[in-house]
Amino acid sequence: MSTTKTLALWVAYGRNGVVGSIRHDDAGYTVTMVGSDEVTGIYPNLASAKGALHSHMAPGSDWPRFQEH
């Protein structure tokens, strides 16, 4: 049995509140959108994960504010 340790967590805030999160662990940067039970994707770096999260927001959405927790 293997365990994955979260190294960092960023929460993405849009105009109306939290829109998603990015977790960094040994696998990479994992994007999950609010309200979804599924992972959106795993990316090799934070910049690509932020871009992916933004691309899954409603069309025309402003860039979210990312806050590390």
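If you read the sequence from its start, that first residue is 1, and numbering goes on from there.
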Q. Do you know the tightest heavy-atom contact between Met57 and Asp62?
A. CE-O, 3.8 Å
**Q.** Close side-chain approach of Thr40 to Leu53, heavy-atom, < 4.5 Å
**A.** no
Q: Using the six-membered ring wherever Trp is involved, compare the ring planes of Trp10 and Tyr29 and label them parallel, tilted or perpendicular (cut-offs 30° and 60°).
A: tilted
Q. Looking at side-chain heavy atoms only, is the closest gap between His24 and Leu46 below 4.5 Å?
A. no
Q) If every non-hydrogen atom of Pro64 is compared with every non-hydrogen atom of His54, which pair is closest and at what distance? A) CD-CD2, 3.6 Å
Q. Quick one: do Val31 and Trp63 end up in the same hydrophobic cluster if we chain Ile, Leu, Val, Met, Phe, Trp and Tyr together by side-chain heavy atoms under 4.5 Å apart?
A. yes
Q | Hphob cluster co-occupancy, Ile42 + Leu9, side-chain heavy atoms under 4.5 angstrom | A | no
**Q.** Flag side-chain contact, heavy atom, 4.5 Å: Thr32 against Arg23
**A.** no
Q: Measure across Tyr43 and Ser48 and return the closest heavy-atom pair with its distance rounded to 0.1 Å.
A: CB-OG, 3.4 Å
Q) Does atom CD of Glu68 have more than 12 heavy-atom neighbours from other groups under 6.0 Å away? A) yes
